[in-house]
Amino acid sequence: MNKKSIIWLCMLLLMSAGCSSDDDYDSIIVNPKLIVGEWEASHQSKNPKYGDTADMISFKFNADGTGSSELFPTKSFRYEIEGNRITVHLTNTESYYGQIVFEYTIVKLSRDEMEWDEIPNEYWSDNSLYLRFSRN
């Protein structure tokens with residue numbers, strides 16, 4: 001091989017190694033301050049057994065890590081954001097452990113739009129939701 005061919009081959013290998021999938025959500029950096037405010041969500045079930053729903057639900061996220069929504073029986077919740085993961089804690093519910101926890105990967109977060117992909121767990125593994133929000 002001549003020198004030019006080797007250089008082109010090396011450049012091609014380096015360029016292809018730097019590409020990643022669009023589904024790689026781990027690299028998303030989330031600014032937690034962007035979530036503060038009122039959002040309207042449309043739920044879309046991933047599991048065809050449950051079908052898609054188009055319920056519009058309002059959420060309010062406060063700067064102190066608390067929030068509220070008509071979706072939950074207690075109407076209030078705590079939330080934490082770490083990396084691109086948001087964890088929502090519902091307390092004072094009638095669950096066995098005294099609280100229910102939902103975890104989502106934040107797929108997108110901007111001033112006007114937000115998207116979450118639910119992380120399945122032992123209780124909700126067959127009805128994972130993808131949530132899309134717009135700011136009120």
Side-chain angles (χ1 to χ4, degrees):
M1 279 185 148
N2 65 25
K3 219 177 206 182
K4 277 186 177 181
S5 297
I6 291 173
I7 291 172
W8 278 108
L9 181 61
C10 288
M11 287 177 48
L12 181 64
L13 288 172
L14 286 173
M15 288 178 10
S16 65
C19 297
S20 67
S21 167
D22 288 347
D23 293 334
D24 184 14
Y25 303 136
D26 293 335
S27 63
I28 294 174
I29 298 172
V30 172
N31 179 353
K33 292 179 183 178
L34 286 176
I35 199 171
V36 175
E38 294 186 29
W39 297 85
E40 187 126 332
S42 63
H43 294 238
Q44 298 174 345
S45 177
K46 286 183 177 181
N47 189 333
K49 175 176 149 185
Y50 295 99
D52 288 339
T53 61
D55 300 325
M56 297 306 285
I57 300 166
S58 294
F59 284 80
K60 182 178 181 184
F61 295 92
N62 303 314
D64 66 356
T66 62
S68 59
S69 175
E70 294 294 319
L71 176 65
F72 306 123
T74 62
K75 311 254 186 298
S76 63
F77 58 87
R78 283 184 312 105
Y79 71 92
E80 301 166 347
I81 296 177
E82 185 175 323
N84 68 333
R85 179 178 284 198
I86 185 166
T87 305
V88 176
H89 301 269
L90 305 177
T91 54
N92 300 322
T93 62
E94 295 179 12
S95 71
Y96 179 75
Y97 297 105
Q99 83 171 344
I100 299 173
V101 177
F102 298 97
E103 292 185 297
Y104 298 88
T105 300
I106 299 173
V107 177
K108 179 181 185 177
L109 179 58
S110 68
R111 289 179 44 87
D112 300 318
E113 297 178 312
M114 179 167 54
E115 295 180 20
W116 297 355
D117 193 6
E118 186 174 22
I119 299 169
N121 61 42
E122 61 185 299
Y123 302 106
W124 304 103
S125 63
D126 66 338
N127 192 21
S128 181
L129 293 176
Y130 189 91
L131 298 139
R132 187 170 293 134
F133 299 85
S134 59
R135 191 175 293 277
N136 281 348

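Starting from 1, each residue takes its place in the sequence as its number. Note that the structure is predicted; figures quoted are calculated from it, not measured.
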Sort out for me which residue in Y104, F59, F61 forms a ring-ring contact (aromatic ring centres under 6.0 Å, His included) with Y79.
-> F61
Would you say the side chain of E70 lies within less than 4.5 Å of the side chain of K75, judging by non-hydrogen atoms?
-> yes
Work out which heavy atom in S58 is nearest to a heavy atom in E40; give both atom names and the distance.
-> OG-OE1, 3.3 Å
Do I35 and I86 come close enough that some side-chain heavy atom pair is under 4.5 Å?
-> yes
Which distance, rounded to the nearest 0.5 Å, do you find between the CD of E113 and the CZ of F133?
-> 12.5 Å
Closest non-hydrogen atoms of L109 and N31, given as atom of the first, atom of the second and distance, are CD2-O, 3.6 Å
Y130 and R132, any side-chain heavy atoms less than 4.5 Å apart | yes
Sidechain-backbone polar pair: D64 side chain, T66 backbone, donor-acceptor under 3.5 Å = yes
At what distance, to the nearest 0.5 angstrom, does OG of S134 lie from CD of E38?
-> 12.0 Å
Residue from V30, T87, L34 passing side chain to side chain contact (heavy atoms under 4.5 Å, CB included) with I81 | V30
If you look at every heavy atom in V36 and A63, which pair is closest and at what distance?
-> CG2-CA, 3.7 Å
Straight-line distance of F77 CZ to K60 NZ, nearest 0.5 Å = 10.5 Å
Over all atoms of both residues, closest heavy-atom pair of V101 and H89 = CG2-ND1, 3.6 Å
I57 side chain reached by S69 side chain, heavy atoms, under 4.5 Å | yes
Looking at CZ of R85 and CG of D117, how far apart are the two atoms once the value is rounded to the nearest 0.5 Å?
-> 11.0 Å
For the student: nearest non-hydrogen atoms of S110 and W39, plus distance = O-CH2, 3.6 Å
Under 3.5 Å donor-acceptor, R78 side chain and G65 backbone | no
